[in-house]
Asker: 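Quick one: the structure is below, questions incoming.
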Amino acid sequence: MRLISEWRGVFTTAARIGFREFTTFYTWRAWVFGWFLRLVAQVVFFGSIGLLVQSPERIRYMVIGNAAAVVCIEALAVITSTVRERALGTLALQVASPADYSLTYLGRGIYCLIVGIVSSTSVLFVAAAVFGLHLPFPGLLVTPALMLVTGASAYALGTAIGAVVMRFPAMQFLALNLAYLSLMTFCGVNVPVDYWSGPVSAIAQVLPLTHGLDALRMVLGSGSPADVLSSVGQEIAVGGFWLLVGILLLKQAVTGERRRGTIELSA
């Protein structure tokens with residue numbers, strides 16, 4: 001219990017530092033009228049494809065899918081964290097401290113996930129109002145929880161990718177863009193997963209968003225509780241897998257940087 005308490009203390013302290021950094025980059029006006037408005041425009045753009053083909057079902061499919069993708073876009077921003085930590089000189093300090101640096105790393109970027117949950121849920125409500133979509137009240141209550149599960153899974157994937165990017169700092173934004181565009185393309189956001197070939201569909205099953213989005217669509221549609229719980233369980237399993245991979249890759253990457261004496265270099 002003492003160890004768990006210590007881990008919680010390290011994680012929450014790192015999270016507070018991360019949130020403080022976030023508030024230095026954004027005021028509420030800049031976030032609402034800049035970033036959030038951009039996310040709304042993106043979801044409305046894709047939802048408008050349903051208007052183009054005169055299909056209410058397609059509008060609903062696109063709006064829900066792209067709103068769920070927002071939490072992944074936000075959570076995957078953790079990919080850039082390793083490079084930022086090196087540039088600020090804080091990665092070496094985390095490694096040198098008695099605490100497990102994987103905890104501090106995960107905690108400092110957790111604001112990406114929290115903000116993503118708020119963004120994706122709010123964007124869904126705004127886009128639904130724009131297109132006049134009916135969202136059932138019981139489903140609305142669990143929507144933030146499903147965004148949490150989906151975003152946490154994407155956050156774990158971002159941790160794994162970020163560990164790789166540590167060795168190639170110039171690739172950080174390319175990796176970020178490829179990651180979230182791949183999820184948007186293959187995980188059922190705009191077209192069903194089974195639209196793709198067998199191997200691609202199989203890969204999508206072990207990527208974040210696929211099962212979480214299925215659960216969200218069922219909750220906001222007519223899915224059974226058993227099916228929803230099954231999809232949520234699969235999304236949690238995917239997230240757990242990528243979290244384990246991410247932590248292992250992060251430890252391996254830091255060990256390599258220490259061996260080469262380059263842990264304080266950002267390029």
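Just so you know, residue 1 is the first one in the sequence shown, and it goes up from there. Since the structure is predicted, the reported quantities are computational estimates derived from the model, not experimental observations.
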Asker: Do any N or O atoms from the side chain of S201 and from the backbone of W196 form a donor-acceptor pair under 3.5 angstrom?
Answerer: yes
Asker: Tell me whether the guanidinium CZ or amine NZ of R60 lies under 6.0 angstrom from the six-membered ring centre of F131 and within 45° of its axis.
Answerer: no
Asker: Looking only at atom types and distance, does a side-chain atom of T12 sit under 3.5 Å from a main-chain N or O of G9, one as donor and one as acceptor?
Answerer: yes
Asker: Testing the 3.5 Å rule here: is there a donor-acceptor pair between the side chains of S224 and D227?
Answerer: yes
Asker: On the six-membered ring of F19, is R16 placed so that its NZ or CZ lies under 6.0 angstrom from the centre and within 45° of the ring axis?
Answerer: no
Asker: Keeping T23 on the side-chain end and R20 on the backbone end, is there a donor-acceptor pair under 3.5 Å?
Answerer: yes
Asker: Does V43 belong to the same Ile/Leu/Val/Met/Phe/Trp/Tyr cluster as V191, with side-chain heavy atoms less than 4.5 Å apart forming each link?
Answerer: no
Asker: Do any N or O atoms from the side chain of H211 and from the backbone of G233 form a donor-acceptor pair under 3.5 angstrom?
Answerer: no
Asker: Examine the side chains of S119 and E74 and answer whether a donor and an acceptor come within less than 3.5 Å of each other.
Answerer: yes
Asker: Tell me, with the steps shown, if L216 and T150 meet side chain to side chain contact (heavy atoms under 4.5 Å, CB included).
Answerer: CA-CA 10 Å; L216 181 62; T150 303; over 6 Å; no
Asker: Using only atom types and a distance under 3.5 Å, with no angle test, would you say the side chain of E235 pairs donor to acceptor with the backbone of S153?
Answerer: no
Asker: Does F25 belong to the same Ile/Leu/Val/Met/Phe/Trp/Tyr cluster as I79, with side-chain heavy atoms less than 4.5 Å apart forming each link?
Answerer: yes
Asker: When you group the ILVMFWY residues by side-chain heavy-atom contacts below 4.5 Å and let the links chain together, are F173 and L183 in the same group?
Answerer: yes
Asker: With the 4.5 Å side-chain cut-off for hydrophobic clustering, are V193 and V219 part of the same group?
Answerer: no
Asker: Could you walk me through whether V63 and L124 pass side chain to side chain contact (heavy atoms under 4.5 Å, CB included), step by step?
Answerer: CA-CA 7 Å; V63 166; L124 176 60; 4.1 Å; yes
Asker: Is there a path of hydrophobic side-chain contacts, each under 4.5 Å between heavy atoms, that joins L181 and L176?
Answerer: yes
Asker: Got a donor-acceptor contact below 3.5 angstrom from the Y26 side chain to the W35 backbone?
Answerer: no
